[in-house]
Every structure is written in structure tokens, then in C-alpha cells.
Amino acid sequence: QVDLVESGGDSVQAGGSLRLPCKVSGFVLCMGWFRQAPGKAREGVAAIGEQGKTYADSVKGRFTISKDSDSNTLFLQMDDLKREDTATYYCAADSRLGPCVYYDQPGFKHWGQGTQVTVSA
């Protein structure tokens, strides 16, 4: 049984920062963050697995994915936020071996409920 609970969503001004935590329970090897803006398809943002981290080009250099094994928490540190970062952010995870990359949505079996991030000008 894997359970994921995101939090930390908020409204911030452009250029600001926000950190999203995701509490993870259960055995997982691959974890990631995804987002969905109104009227758009859900897209991958970042992923972290045994082989390292991957990022979407749109967030590279601004967002950082990390995990704290002691607290079983996945984080997404978001800096220099832009209006186009406005979306519902989802934490996802899976226990499979192999590549863990942000663009492999079908590879993530477990999903959180989402947390809203709104960036204003």
C-alpha cells in the first residue's frame, strides 16, 4: 500500500519561491512531480530515482527535486516562479526498477490528490 499526500500549495508573486512537500508511505523507488494547468494536459516536471534526477526543460535551473529518507518526504523546491507555473501539482511514485524519468507518466502507479500553486504578476 502506497499513500502520497502533498501540501504546501499557495499563491505567490512572480519571482517568488515555494516548496512543496509530499509525505510518502509504503515502498517506492521512483518518485516524481507532475502538474496540470487549467485546460491543459498533465505534464511531468521532475523525477528522482536510483539513477538520479531528471527535469523538464521548462523548469530546469529553477526547480529542484529532493527526498528526505528519514522523514519519507519528497520535496519540490520552486524558485523564480513564473505565471506559467500556475497549476495543480501532483506527487507520484512507483516501486518498479529501471529508468525513473519525468516524461514517463504511465510508469507512475501511485498519485497524490494534488495541491494548487498560483503565481501572479
Side-chain angles (χ1 to χ4, degrees):
Q1 177 77 17
V2 175
D3 191 37
L4 306 170
V5 181
E6 308 99 329
S7 60
D10 205 346
S11 296
V12 297
Q13 289 191 323
S17 296
L18 204 58
R19 188 176 79 155
L20 304 181
C22 173
K23 186 70 174 177
V24 181
S25 62
F27 176 74
V28 297
L29 292 174
C30 173
M31 293 177 282
W33 287 97
F34 296 79
R35 67 185 181 186
Q36 186 167 22
K40 294 188 177 181
R42 188 168 60 191
E43 62 176 2
V45 174
I48 182 169
E50 298 294 297
Q51 297 174 347
K53 307 174 184 181
T54 59
Y55 295 92
D57 287 344
S58 59
V59 305
K60 202 172 292 183
R62 300 188 299 120
F63 289 12
T64 303
I65 189 171
S66 63
K67 61 180 180 179
D68 179 62
S69 298
D70 290 338
S71 64
N72 293 323
T73 305
L74 177 72
F75 296 99
L76 184 67
Q77 176 67 41
M78 304 185 292
D79 298 317
D80 189 22
L81 281 161
K82 306 177 185 298
R83 293 190 67 182
E84 51 265 39
D85 295 319
T86 294
T88 300
Y89 283 73
Y90 298 90
C91 170
D94 202 85
S95 57
R96 60 186 161 81
L97 293 171
C100 178
V101 291
Y102 70 90
Y103 48 82
D104 182 22
Q105 282 198 48
F108 290 82
K109 183 177 180 180
H110 308 286
W111 292 80
Q113 81 288 350
T115 187
Q116 179 66 37
V117 173
T118 302
V119 184
S120 59

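Just so you know, residue 1 is the first one in the sequence shown, and it goes up from there. All of these numbers come straight from a predicted model, not from anything done at the bench.
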Give the minimum heavy-atom separation between [X] and [Y], together with the two atoms involved.
| X | Y | answer |
| --- | --- | --- |
| A47 | Y102 | CB-N, 3.5 Å |
| G44 | F34 | CA-CD2, 3.3 Å |
| K109 | D94 | CB-OD1, 2.8 Å |
| L29 | S95 | CD1-O, 3.5 Å |
| V2 | V28 | CG1-CG1, 3.8 Å |

Passes side chain to side chain contact (heavy atoms under 4.5 Å, CB included), R35 versus V59? Steps please.
CA-CA 12 Å; R35 67 185 181 186; V59 305; 4.0 Å; yes
Audit row: R96, C30, side chain to side chain contact (heavy atoms under 4.5 Å, CB included) steps and yes/no
CA-CA 7 Å; R96 60 186 161 81; C30 173; 3.7 Å; yes
Decide side chain to side chain contact (heavy atoms under 4.5 Å, CB included) for F63 and L81; before the verdict, give the C-alpha distance in whole Å, the side-chain angles of both, and the deciding distance to 0.1 Å.
CA-CA 9 Å; F63 289 12; L81 281 161; 3.9 Å; yes
Step-by-step side chain to side chain contact (heavy atoms under 4.5 Å, CB included) determination, E6 to Y89
CA-CA 8 Å; E6 308 99 329; Y89 283 73; over 6 Å; no
Taking K82 first and then D85, would you say they form a salt bridge - that is, a charged N and a carboxylate O separated by under 4.0 Å?
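No, this pair does not count.
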Within a 6.0 Å radius of atom CZ on R83, are there more than 12 heavy atoms belonging to other residues, nucleotides or ligands?
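No - once you tally the heavy atoms of other residues, nucleotides and ligands closer than 6.0 Å, there are 12 at most.
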Would you indicate whether Q113, at its atom CD, is surrounded by more than 12 heavy atoms from other residues, nucleotides or ligands within a distance under 6.0 Å?
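It does: Q113 CD has more than 12 such atoms within range.
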Is the closest side-chain heavy-atom distance between [X] and [Y] below 4.5 Å?
| X | Y | answer |
| --- | --- | --- |
| Q77 | S17 | yes |
| D104 | P106 | yes |
| W111 | R42 | yes |
| Y90 | L4 | no |
| C22 | F75 | no |

Any donor-acceptor pair under 3.5 Å linking the side chain of K60 with the backbone of T54?
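No: the side chain of K60 does not pair with the backbone of T54.
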Taking K53 for the side chain and I65 for the main chain, is one N or O donor matched with an acceptor at less than 3.5 Å?
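Yes, K53 side chain to I65 backbone: donor-acceptor pair under 3.5 Å.
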Side-chain H-bond candidate by donor/acceptor type, Q13 with S120, under 3.5 Å:
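Per modelled atom types, Q13 and S120 side chains form no pair under 3.5 Å.
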Test item: side-chain donor near acceptor, Q1 and D3, under 3.5 Å:
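No, no side-chain donor-acceptor pair sits under 3.5 Å.
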